[in-house]
Engineer: 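Before I ask anything, here is the structure I am working with.
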Amino acid sequence: MHVFLIHGQSHKGTTCHMGRMLAEKLAEDTSITEFFLPRDLPHFCLGCYACVEDETKCPFWKEKERILSAMEKADLLIFTTPNYCLSPSGAMKSFIDLFFDLWMVHRPKEWMFSKKAVILSASAGASCKKAIAPIKSSLFNWGVPEIHTFGCAVQASSWDGVKPKKKAKMEKRICAIARKLEKGKAPHVGIPTRFVFSAMGMMHKKGWDSSPVEKAYWEQQGWLGKGRPWKE
């Protein structure tokens with residue numbers, strides 16, 4: 001298994017340890033490609049819409065292409081983010097903003113519909129639901145059909161400060177996720193994804209696009225007919 005692991009902060013805190021723990025719980029032949037934000041993509045989306053016309057025209061395409069290539073090659077995508085003010089880190093939010101053109105409403109990648117993903121988050125005490133939600137929303141709209149999440153309030157500001165009992169509980173949950181991922185079943189594209197995809201297809205047929213380039217892309221993929229990016 002090849003794992004794409006991206007961290008929403010550059011220092012190796014609790015969420016970093018959670019992500020690495022999960023990757024290490026997987027099969028022995030697992031390989032990991034790891035990225036840290038903002039180090040590996042230190043930019044904010046400019047809203048220039050250049051990517052809507054041509055993804056390679058994004059001012060930050062050089063950094064984005066490296067990350068996108070790693071995601072395509074991976075079997076599993078792992079995202080980690082601390083809870084910053086009941087939200088994902090600014091760096092992680094910037095990351096998902098920069099890949100908005102992958103949403104089904106624009107130009108989704110066929111290979112996204114065969115991926116599995118995990119989102120991990122830690123907080124000092126508050127719920128992690130709102131930190132996880134924007135990332136989960138983006139992954140769903142990218143077409144990722146199987147998404148697992150786990151958030152944990154650790155009552156500590158660093159990994160070293162997390163109590164052993166809390167670490168043991170965290171490890172138990174992460175082991176459970178690893179077992180689900182190792183079952184080897186291909187992810188199933190569910191009804192919500194199929195519905196949204198079909199709705200976007202209807203939108204493109206009517207020409208309600210951000211650009212004619214998007215409709216042309218859907219036509220080239222064969223998705224305006226009976227073609228779909230997932231295998232039946």
Side-chain angles (χ1 to χ4, degrees), residues 2-23 32-123 128-152 210:
H2 185 77
V3 174
F4 167 88
L5 176 55
I6 187 161
H7 304 286
Q9 61 184 14
S10 292
H11 72 269
K12 298 175 177 62
T14 300
T15 56
C16 177
H17 281 81
M18 291 170 70
R20 288 179 171 178
M21 183 187 295
L22 174 58
I32 304 169
T33 301
E34 192 171 29
F35 294 91
F36 287 88
L37 301 172
R39 185 193 70 185
D40 294 313
L41 190 58
H43 307 290
F44 294 102
C45 177
L46 303 177
C48 65
Y49 260 55
C51 64
V52 170
E53 301 300 323
D54 181 346
E55 65 181 357
T56 68
K57 299 303 182 182
C58 173
F60 316 121
W61 174 243
K62 183 177 180 180
E63 294 97 330
K64 285 175 63 177
E65 182 181 27
R66 178 168 167 254
I67 294 173
L68 193 63
S69 176
M71 284 198 285
E72 182 177 7
K73 294 173 183 176
D75 303 296
L76 173 66
L77 313 176
I78 302 177
F79 293 76
T80 77
T81 182
N83 183 330
Y84 281 7
C85 302
L86 301 181
S87 298
S89 69
M92 181 59 76
K93 179 61 170 63
S94 179
F95 171 85
I96 59 179
D97 287 349
L98 282 163
F99 285 97
F100 82 91
D101 57 311
L102 300 183
W103 279 42
M104 284 184 272
V105 69
H106 297 296
R107 295 199 311 276
K109 301 292 186 183
E110 181 176 0
W111 45 264
M112 277 291 186
F113 293 83
S114 63
K115 301 298 183 187
K116 297 180 180 182
V118 181
I119 306 166
L120 302 171
S121 182
S123 72
C128 295
K129 289 182 179 180
K130 291 184 178 180
I132 290 171
I135 306 170
K136 186 176 181 180
S137 176
S138 279
L139 293 180
F140 171 81
N141 282 285
W142 289 356
V144 177
E146 183 176 331
I147 306 170
H148 301 270
T149 65
F150 172 48
C152 185
S210 297

Engineer: What donor-acceptor contacts under 3.5 angstrom involve side-chain atoms of residues 138-146, with partners at least two apart or in another chain?
Structural biologist:
{"unit_1": "N141", "atom_1": "ND2", "unit_2": "S137", "atom_2": "O", "d": "2.8"}
{"unit_1": "W142", "atom_1": "NE1", "unit_2": "F99", "atom_2": "O", "d": "3.4"}
{"unit_1": "E146", "atom_1": "OE2", "unit_2": "H148", "atom_2": "NE2", "d": "2.7"}

Engineer: Tell me the closest heavy-atom pair linking P88 and Y84, and the distance in Å.
Structural biologist: O-CB, 4.1 Å
Engineer: What's the shortest heavy-atom distance between N83 and S123, and which atoms?
Structural biologist: CB-CB, 3.4 Å
Engineer: Without placing hydrogens or testing angles, list every side-chain donor-acceptor pair under 3.5 Å for residues 67-82, not counting sequence neighbours.
Structural biologist:
{"unit_1": "D75", "atom_1": "OD2", "unit_2": "H2", "atom_2": "N", "d": "2.7"}
{"unit_1": "T80", "atom_1": "OG1", "unit_2": "H7", "atom_2": "ND1", "d": "2.9"}
{"unit_1": "T81", "atom_1": "OG1", "unit_2": "S89", "atom_2": "N", "d": "2.9"}

Engineer: Using a 3.5 Å distance criterion without hydrogens, assess whether the side chain of R20 forms a donor-acceptor pair with backbone atoms of L5.
Structural biologist: no
Engineer: If the condition is side-chain hydrogen bond (donor to acceptor under 3.5 Å, both in side chains), which residues does K109 pass it with, not counting sequence neighbours?
Structural biologist: E55
Engineer: Would you check, one step at a time, whether the test side-chain contact (heavy atoms from CB on, under 4.5 Å) holds for Y49 with F100?
Structural biologist: CA-CA 10 Å; Y49 260 55; F100 82 91; 4.3 Å; yes
Engineer: Would you be so kind as to tabulate the donor-acceptor pairs closer than 3.5 Å made by side chains of residues 35-43, with sequence neighbours excluded?
Structural biologist:
{"unit_1": "D40", "atom_1": "OD2", "unit_2": "F36", "atom_2": "N", "d": "2.7"}
{"unit_1": "H43", "atom_1": "NE2", "unit_2": "E63", "atom_2": "OE2", "d": "2.9"}

Engineer: Can you see which heavy atom on P59 is nearest to which on C48, and at what distance?
Structural biologist: CD-SG, 4.1 Å
Engineer: Search all heavy atoms of C45 against all heavy atoms of S94 and return the closest pair with its distance.
Structural biologist: N-OG, 4.4 Å
Engineer: Does L98 offer a backbone N or O that forms a donor-acceptor pair with the side chain of K64 under 3.5 Å?
Structural biologist: yes
Engineer: Which atom names give the shortest non-hydrogen contact between H11 and C16, and what distance separates them?
Structural biologist: O-CB, 4.4 Å
Engineer: Would you compute the distance between atom CD1 of I135 and atom CG of L120 and round it to the nearest 0.5 angstrom?
Structural biologist: 9.5 Å
Engineer: With a 4.5 Å heavy-atom cut-off, do T149 and I119 have their side chains touching?
Structural biologist: yes
Engineer: Please list, chain by chain and in numerical order, all residues satisfying side chain to side chain contact (heavy atoms under 4.5 Å, CB included) with K57, sequence neighbours excluded.
Structural biologist: A50, D54
Engineer: About how many Å separate CD1 of I6 and CE of M92, when rounded to the nearest 0.5 Å?
Structural biologist: 5.5 Å
Engineer: If a pair satisfies salt bridge (Lys or Arg N to Asp or Glu O under 4.0 Å) and one of its residues is in residues 88-98, list it, with sequence neighbours excluded.
Structural biologist: K93-D97
